[in-house]
Number of protein chains: 2
Amino acid sequence: MGRPKQFDEEAAVARAMEVFWTNGYAGSSPAELAEAAGIGKGSLYHAFGSKRELFGRALDTYDRAGAEFTEEFLSAPGSTKERIRAYLRLLVDVDFDAPVRRGCLAVNTALELGGRDEGATAAVRRAVERSTDLLAARIERGKLAGDVPAAVDAAEQARFLMVTIAGLRVTARIFDRETVHAAIDTALAGL
Amino acid sequence: MGRPKQFDEEAAVARAMEVFWTNGYAGSSPAELAEAAGIGKGSLYHAFGSKRELFGRALDTYDRAGAEFTEEFLSAPGSTKERIRAYLRLLVDVDFDAPVRRGCLAVNTALELGGRDEGATAAVRRAVERSTDLLAARIERGKLAGDVPAAVDAAEQARFLMVTIAGLRVTARIFDRETVHAAIDTALAGL
DNA sequence: ATGGTTTTTGAATCAGAGGTCAAATATGTG
DNA sequence: CACATATTTGACCTCTGATTCAAAAACCAT
């Protein structure tokens with residue numbers, strides 16, 4: 001019963017996520033979002049309720065995709081330090097190689113809405129915590145493998161790395177690749 | 001000749017800076033800016049030309065004030081590590097104690113306009129470089145004082161610290177004071 | 001095919017943004 | 001005092017943003 005949906009909701013959210021990622025929450029108009037999703041403005045509101053709710057869906061999608069990618073990347077072969085270094089470099093290199101520097105949606109959202117929008121703040125916090133746990137687990141494995149000094153506190157180091165990642169993604173908006181790469185190497189001295 | 005200015009331009013820029021700092025560039029309307037500056041919209045445009053130009057002035061003011069404060073703070077007595085730790089803690093504590101978390105205008109601008117607005121990008125880069133130089137100078141002094149291991153590369157460490165500071169100011173929008181303080185301690189292990 | 005139901009769409013709405021302007025106001029000069 | 005010059009102001013203008021809505025379209029069941 002009823003007219004069937006003409007578009008894939010997940011796909012539409014994914015397209016909207018790209019727009020939010022590139023232009024920020026306030027910087028993304030319903031018209032842009034609808035066009036990117038390939039639907040009319042009305043359909044967008046019918047399906048998602050409001051721009052803010054659509055953004056929530058986009059954040060969730062970003063979180064899920066990011067966690068999946070991070071998990072896979074960190075479990076690839078190589079020493080802990082090398083793997084984490086490769087991870088940090090990849091994060092910034094993706095940005096440098098992209099046609100437009102857009103950084104990280106979570107970091108961007110933390111700055112744009114952190115402290116102002118409770119839901120968005122919580123969503124970003126969850127995403128960061130998820131990545132922190134993945135990094136901590138990788139460091140823990142490194143300790144077991146004798147890869148990382150036993151004295152290192154994995155959770156603490158992981159939290160520090162997340163701060164560093166946030167800083168790197170900000171810095172990559174302003175400075176060149178070499179400067180950022182050098183900062184990565186300095187940051188990893190503690191491992 | 002001519003009617004004399006009824007307001008202090010520097011003071012008006014300082015008030016506008018607060019608005020931009022709190023609400024971002026796009027998030028600050030001419031009406032708000034004019035009201036904060038205590039003048040009419042017309043006067044604002046007459047004196048500054050455009051919102052964008054006013055923002056440029058605000059960025060300059062922020063840079064100058066920040067550099068002055070940093071220089072003074074870092075040259076206070078105490079070991080290098082303790083002074084820098086106190087500096088980082090102060091930066092985030094100011095935010096935690098403020099009625100509204102607004103982070104750092106330079107970091108906010110890097111994310112909002114970095115890569116999109118050449119002038120703003122350059123202004124932020126200048127501000128970051130200025131702070132980097134001040135930190136490097138302090139570390140260098142620490143090396144002379146025997147405070148910091150001679151093997152430490154002051155410039156490199158300073159650049160890394162700036163990345164960390166950016167990350168801290170992002171993180172402070174999302175997490176609590178204790179988490180951020182812990183990250184500071186971990187970051188300073190290299191000194 | 002008629003109905004009941006859900007989706008789609010673009011037009012319409014209302015508010016606010018960024019900016020301009022003419023008129024009013026306040027000086028120094030002749 | 002009248003003039004040239006510079007500043008102030010709020011009304012005004014145009015454009016866009018976020019959202020709503022009525023009507024058309026597409027399906028299933030009878």
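The structure displayed is predicted, hence computed values, not measured ones. Below, read A as the first sequence line, B as the second, and so on, with proteins coming before strands; counting in each chain starts at 1.
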Is a salt bridge present between [X] and [Y], judged by a nitrogen-to-oxygen distance below 4.0 Å?
X        : Y        : result
A:Asp63  : A:Arg130 : yes
B:Glu10  : B:Arg57  : yes
A:Arg159 : A:Glu156 : no

Roughly how many Å is it from [atom1] in [X] to [atom2] in [N], rounded to a whole number?
X       : N      : atom1 : atom2 : answer
A:Asp8  : C:dT7  : CG    : P     : 14 Å
A:Asn23 : D:dT16 : CG    : P     : 16 Å
A:Leu44 : C:dG10 : CG    : C1'   : 14 Å
A:Arg52 : D:dT19 : CZ    : C1'   : 17 Å
A:Phe48 : D:dA18 : CZ    : C1'   : 16 Å
A:Phe55 : D:dG17 : CZ    : P     : 17 Å
B:His46 : D:dT5  : NE2   : P     : 14 Å
A:Ile39 : D:dT19 : CD1   : P     : 14 Å

Task: Check against side chain to side chain contact (heavy atoms under 4.5 Å, CB included), B:Asn23 and A:Arg116 - done: CA-CA 10 Å; B:Asn23 302 115; A:Arg116 284 179 175 72; 4.3 Å; yes
Task: Residue closer to the 5' end of DNA chain D, A:Glu32 versus A:Gly49 (nearest nucleotide) - done: A:Glu32
TODO: Look at the aromatic rings of A:Phe160 and B:Phe160 and report parallel, tilted or perpendicular, splitting at 30° and 60°.
DONE: perpendicular
Open item on the list: Is the ring pair A:Tyr25/A:Phe55 parallel, tilted or perpendicular, if the boundaries are 30 and 60 degrees?
Closed with: tilted
Open item on the list: Could you work out, with salt bridge (Lys or Arg N to Asp or Glu O under 4.0 Å) as the rule, every residue matching B:Asp117, not counting sequence neighbours?
Closed with: B:Arg52
Task: B:Leu111 and A:Arg173: CA distance, side-chain angles, deciding distance, side chain to side chain contact (heavy atoms under 4.5 Å, CB included) verdict - done: CA-CA 7 Å; B:Leu111 277 187; A:Arg173 300 287 275 269; 3.3 Å; yes
Open item on the list: For C:dG16 and B:Ser29 - does any side-chain N or O of the residue sit under 4.0 Å from the phosphate oxygens OP1/OP2?
Closed with: no
- [ ] Give the B/S/- string for nucleotides 24-30 of chain C, one per nucleotide from 5' to 3', where a protein heavy atom under 4.0 Å of the base yields B, of only the sugar-phosphate yields S, and otherwise -.
- [x] -BBBS--
Open item on the list: Looking only at the side chain of A:Pro30 (C-beta and beyond, no hydrogens), which of the listed nucleotides C:dT8, D:dT9, D:dT19 gets closest?
Closed with: D:dT19
- [ ] Taking only the side-chain heavy atoms of B:Lys51 (C-beta and beyond), determine which of C:dT9, C:dG19, D:dT20 contains the nearest atom.
- [x] C:dG19
Task: Pairing string, 5' to 3', for DNA chain C - Watson-Crick or wobble contacts under 3.5 Å, brackets [ ] where pairs cross, | to another strand - done: ||||||||||||||||||||||||||||||
Task: A:Arg125 side, atom CZ; B:Asp176 side, atom CG - distance, nearest 0.5 Å - done: 8.5 Å
Open item on the list: What I want to check is whether an N or O donor and acceptor connect the side chain of A:Lys41 with the base of C:dG10 at under 3.5 Å.
Closed with: no
